[in-house]
Amino acid sequence: MSHVHALATPQDQANQLLAARDLRITKPRHEVLTLLLQADKALSTHEIEQRLPAGADRVTVYRTIKTFVQAGLLHAVPDEAYGQRYAVCDLGHCHTEGTHAHDHLHFKCNSCGDTLCLEDVSLPPLPIPPGYTVDEITVVAKGICHACQAGN
Ligand SMILES: [Zn+2]
Ligand SMILES: [Zn+2]
């Protein structure tokens, strides 16, 4: 259930996600989104840039990521080494009855350094005092990821 388009290629998924958000499909948008779908983990702007085909324009990459976050395609995960990393919002989890929520746990591996979305681990409601409006809650658990424990 975690992948709505389990049989589609990352390229197809990228096109479908862009179309679903009424975003024009451009080459940089398609490349950045495909990359993140393939990575299946959160990546920083710098990491995204490095993985794109040579000649990717840095400003365009930054702008594309910003557009995706605003459109609800990506969410940012704080990372002490990278500032922010970005992960693709899972349609099955990030959208609950029309509202956009990222109330899942994130996991940072102390061994390989990967940042992963644990979409099946939802955070319990927190007793936010009156007078505070919460836009987003991000909780990052740190430890050793599944792949590292399995010895890769
Ligand atoms: Zn790891
Ligand atoms: Zn996430």
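One-based numbering along the sequence shown. Order of listing sets the numbers, starting from 1, for every ligand and every atom in it. Note that this is a predicted model, so its numbers are computed, not measured.
A perpendicular orientation is assigned to the rings of His104 and His75, their planes being inclined by more than 60° (bins at 30° and 60°).
Among Leu36, Leu43, Asp40, Leu73, the one residue that satisfies the side-chain contact (heavy atoms from CB on, under 4.5 Å) test with Val88 is Leu36.
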Would you mind writing out the side-chain donor-acceptor pairs for residues 58-67 within the sub-3.5 Å range, not counting sequence neighbours?
from: Thr60; atom 1: OG1; to: Asp57; atom 2: OD2; distance (Å): 2.5
from: Thr64; atom 1: OG1; to: Thr60; atom 2: O; distance (Å): 2.6
from: Thr67; atom 1: OG1; to: Arg63; atom 2: O; distance (Å): 2.9

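In this structure, Lys142 pairs ionically with Glu80, as a charged nitrogen and a carboxylate oxygen lie closer than 4.0 Å.
For Arg51, the salt bridge (charged side-chain N to carboxylate O under 4.0 Å, His left out) test picks out no residue, with sequence neighbours left out.
Geometry at the Zn ion (ligand 1): SG/Cys148 and SG/Cys109 form an angle of 110°, nearest 10 degrees. The angle that His104 NE2 and Cys117 SG make at the Zn ion (ligand 2), rounded to 10°, works out to 120°. When SG of Cys145 and SG of Cys112 are joined through the Zn ion (ligand 1), the resulting angle is 120° to the nearest 10°.
For His106, the N/O/S atom at the shortest distance from the Zn ion (ligand 2) is named NE2.
Here Cys89 fails the criterion, with no N, O or S atom under 2.8 Å of the Zn ion (ligand 2).
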